[in-house]
Amino acid sequence: MGASSDPNQDGSDEQQRRSEIYTYEAPWHIYAMNWSVRKDKKYRLAIASLLEQFPNRVEIVQLDDYTGEIRSDSAISFDHPYPPTKLIFVPDKDCQRPDLLASSSDFLRLWQISDSDSSSRRVELKCLLNNNRNSEFSGPLTSFDWNEAEPRRIGTSSIDTTCTIWDIEKEVVDTQLIAHDKEVYDIAWGGVGVFASVSADGSVRVFDLRDKEHSTIIYESSEPDTPLVRLGWNKQDPRYMATIIMDSSKVVVLDIRFPTLPVVELQRHQAGVNAIAWAPHSSCHICTAGDDSQALIWDLSSMGQPVEGGLDPILAYTAGAEIEQLQWSSSQPDWVAIAFSNKLQILRV
Amino acid sequence: MYANGDVTFYSSCISSAAVKLHLKEMPQNLRTHLALAVQSFQWSYAIFWSVSCIQPGMLEWCEGYYNGDIKTRKTVQVAEVDMDQLGLQRSDQLRELYVSLSLGDTKPQAKRPTTALSPEDLTDAEWYFLVCMSFVFNANQGLPGRTLAANQMIWLCNAHRADTKVFSRSLLAKSASIKTIVCFPHSGGVVELGTTELVPEDPSLIRHISSFLESPSVAVPLIPNLVFDSSSCNPNGLNLERLDHAHMLEDGLDRLMDDPYMEMCSPYNSSDDFANNLLREESNLVEGVGGEASKLQSWPVMEDAVSNCLNNSVNSSDCVSQTEGELEKVIPHSDGNKEKKSCVQECNQKTPSEGQGNDVHYHSVLSYLLKSSHQLILGPYIRNGSTESSFVFWRKVGVPGPQRGTTPQKLLKKVLFEVARLHQSCRGESDKHRICPKSDEADRNHVLSERKRREKINERFMILGSLVPSGGKADKVSVLDHTIEHLRKLERRVEELESYKEAMERESTTHSKSQDAIERTSDNYRDDNNSKRPAMNKRKAGHRDKTGPRLRDSSPTDNITISVSNKVVLIEMRCLFKEHVLFEVMEMLSKIHLETQTIQSSTIDGTLSITVNAKCEGLKSPSAVVIKEALQKIISKC
């Protein structure tokens, strides 16, 4: 690793030959995707289709160490109603909990993967969580986040302007808050009992479950009512979070101690940004990916000091198409997974 | 453990000044000595680790000479330079580079002079050398630490494949292909030499090296044999556990400082005895060491047996310390605010953490040092031995822009907006889907019964059609029409016959014939059975079974019935089917001035039946007999 690598590489083909990139091609466009966290199942991911119809598919894929290929395990692939907007595996590295996968679409669903016993490998719906008390249906969920510090809590965001906090062990709603004036597009936990959400009303609000009446707006998009579409909270350094503005190629990094003033704006993408992921083990690295087919890694350690011309990323990867999804593995922090068109790629950082 | 703590501290206070003095004298001479030593054996590098003045008990890089492969030479002068000078210069440059990198965080935009080296110019071995500059070792930690603590030479073969528990820089060594490393205590510190070749242990070599380092006056003693062959160690045992980020760096450091198990190695002073005493006390940690009091610069003499014991005990102590203790790790935050002179120390003395400690250290060192050169290394995880990153350094220019004009964040928007609508629309459909199954069943039943009914109706129509002389048309409407007509005809007939019957009865009494009497002839005319006639007629008129003609008719062929009334002639005839009969009948009728109004013909089983309604055009209607004769002529003609 200490070797000075040739900085004059160009072309992703050459990159592929030299370095570790593994690709999986799915029969459909992939949107929701995430890494498995368990220690005993490394290099395992869940991917989901984005088909505009009722039946969609979720596949569990794993990198086979020996063949170097990513294979889909058909025994534990399952049908999913409507395309999932997000998938998260239970944040349980030490394998103390059952192997759960959560997905959000019309409802929040928890799926139990029974993988150990070779004779009966299957995925079954453990529970379906519907937060609408009035009718049979609930507002469609745009996103959700599983609290790593408190794994019994999942927060969901919905287009009905509410955020719902679930206690999934009891399978009940902990709280349902009207978080914004418009549709809520993303939600992220920042610790025990603290979460933030972004919305079509262009604001980032932080909520504390101990004081549900009040929320703090820590950022509002400069053009009024420009929706903020994605949010990421730095799990290593909870002062920082990053958000994506709709139709914008910049990523805004915020410090919750200094509301409304972005710490830095990352403006090196050449088209709209689609996904962001903070490094799970380093407090000052973030990865962003967008429509320019690039995944960029930034080092934010010099955040306090203004850099002339804007901060440059340190590493870049060019994929074959617009990158729609990006997830940084929390159990294997030198691996990043991206999804573009119908391909999943895992990259070594 | 803290027994000599006070002593060391005190001694450190006294001797720090002395140490500083002592160390200052060293560099110039030392480097040349190191240079000579390394060059004589053509090894790759030599490093002198000295006890740190800042942090007592730690070994840090003091001086070094690099004698290995060079990639890019950057020198100002072009003229011939002495090889030695070149070598020293190179080492200087490497040191400068290290210093500039380590200062990088205070001066983020500092530019290096053009003649200075930059990271790309270095070979792997040079990198190794440079990175070594950042290492510090606690007492009894790492190869130099253990060397010093044991006051023994350590010869490490297959360093590049060593377990990181044994040799913390094994990964570095691997990247640089440093295969053999030797450490021995010297002048209060540790001299380390390394080479890219695999050199078996050779005590004479050590002797020679030390002689280069010493002033010639000092006698060269024997060197103990402490071979540490790590070739049997499992090289790829790196675990890939992630670091626990529970602690901030400062806390971690405080912990380290407060840790009662932390051993403080005393800094050296020029007093041999004192140092020896200390060494002896520390060497109690390692069993079986029989350190003799001797001059500091001379090597304690060991017997083979003892050295073997030592070997084993070192091993066992490693093993023992591996099992104990938790794995507490300290994260290196390469945050500018965390200002530290030297890089993160190795983790707690617990040996298993040394492995991770190395990872941490390695990572921290490189990311800390090389921030300015934008190299991100996040841990030396080895899979399949390849550690190439998929990412490349970011370049400002040269990235082709995507096609502008396409909707930005198209799929993201689709997920957020359209997918929601999808739920609603699909929900509607799924409702319908849910209702349908019930009605299907009822429908199916209904359909079946309906079909049965239709089939029954059709069947009856067919029967009706065969009963009625429908003239070939089998559609339901025609069949019904014919039936109606036939029924009317039959009723008329019945009426006529009944009236005829009455008339006959009257005739038999009155013998009167009216002009309007209905003449009837039948083929049974020939039969002189008058009484039979009406019965025959009746039968003929009444019964028109399928089997009719065959049953009653004696003559198998012809049957003609003609009835004339009021200029309307009804002809019914039956004959064997022959072509053109119908046509000729019509022709004949027109000849005798009968206008054909309706004709119906049907063929059943080769028997042609014709029914004709004709109207008389002329003044006088032809008689039935005439018509009949004509018809018979036709029939017989064909």
Side-chain angles (χ1 to χ4, degrees), chain A residues 1-5 7 9-10 15 18-21 31 50 52-54 82-83 85 105-106 137 140 142 159 185 229-230 236 246-247 270-274 281-285 291-294 296-297 299 301-302 304-305 312-318 322 324 331-334 347-349, chain B residues 108 119-122 124 127-128 131 171-172 175-176 240 242-243 245 331 333-337 362 366 371 374-381 383 386-396 398-399 401-402 404 406 408-416 418-420 422-423 426-427 429-430:
Chain A
M1 274 277 199
S4 51
S5 51
Q9 281 178 3
D10 49 42
Q15 260 184 303
R18 282 192 58 175
S19 55
E20 291 200 78
I21 299 176
Y31 183 72
L50 183 64
E52 280 181 79
Q53 60 185 39
F54 180 77
Y82 303 113
T85 52
S105 57
D106 49 348
F137 310 107
T142 50
I159 61 166
Y185 288 144
V229 287
R230 282 287 176 244
Q236 292 315 305
M246 186 188 283
D247 292 339
Q270 297 187 332
V273 181
N274 287 325
H281 61 302
S282 157
S283 63
C284 55
H285 291 102
D291 281 342
D292 56 354
S293 319
Q294 295 240 296
L296 304 176
I297 296 185
D299 181 338
S301 47
S302 62
Q305 301 131 24
D312 283 337
I314 51 172
L315 293 174
Y317 174 79
T318 308
E322 292 90 337
E324 309 291 352
S331 51
Q332 272 102 250
D334 60 347
L347 316 169
R348 183 188 282 277
V349 176
Chain B
E120 299 88 49
D121 299 329
L122 306 187
D124 296 348
W127 260 126
Y128 172 85
V131 173
L171 297 161
L172 276 169
S175 68
L240 305 181
R242 220 35 240 149
L243 304 177
H245 302 291
I331 320 109
H333 282 261
S334 40
D335 189 343
N337 296 335
Y362 186 47
L366 287 172
K371 242 184 331 212
H374 305 304
Q375 189 166 359
L376 178 73
I377 296 146
L378 297 173
Y381 292 116
R383 266 186 72 252
S386 152
T387 55
E388 277 292 338
S389 166
S390 317
F391 284 78
V392 289
F393 294 124
W394 184 82
R395 289 269 175 271
K396 199 147 192 169
V399 175
R404 304 297 168 93
T406 55
Q409 301 167 334
K410 194 169 160 193
L411 210 67
L412 179 56
K413 286 179 193 161
K414 189 171 167 185
V415 167
L416 292 176
E418 293 174 23
V419 166
L422 190 67
H423 293 178
C426 270
R427 206 174 290 139
E429 277 177 27
S430 65

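Order of the sequence lines sets the chain letters (A, B, ...), proteins ahead of strands, with each chain counted from 1.
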Interface moiety of Ser302(A) toward chain B, non-hydrogen atoms closer than 4.5 Å = neither

Ile159(A) portion near chain B, given a 4.5 angstrom heavy-atom threshold | side chain

Closest heavy-atom pair and its distance - Trp394(B), Ala316(A) = CD1-CB, 3.5 Å

Ser389(B) versus Arg348(A), closest heavy-atom pair with distance = OG-O, 3.4 Å

For residues Tyr31(A) and Leu412(B), determine if any side-chain heavy atom of one lies less than 4.5 Å from a side-chain heavy atom of the other.
-> yes

CG (Asp291(A)) and NZ (Lys410(B)) are apart, to the nearest 0.5 Å, by 9.5 Å

Could you give the distance from CD1 (Ile314(A)) to CZ (Phe393(B)), rounded to the nearest 0.5 Å?
-> 9.0 Å

Would you please name every residue forming a side chain to side chain donor-acceptor pair (under 3.5 Å) with Glu324(A), sequence neighbours left out?
-> Asn274(A)

For Tyr185(A), all residues meeting side chain to side chain donor-acceptor pair (under 3.5 Å), sequence neighbours excluded | none

Do you know which of Val273(A), Asp247(A), Leu296(A) has the most heavy-atom pairs with chain B at a distance under 4.5 angstrom?
-> Asp247(A)

Which answer fits Lys414(B), side chain, backbone, both or neither, if we ask what part of it has an atom under 4.5 Å from a heavy atom of chain A?
-> side chain

Test side-chain contact (heavy atoms from CB on, under 4.5 Å) applied to Val415(B) and Thr142(A), Leu50(A), Val229(A), the passing residue = Leu50(A)

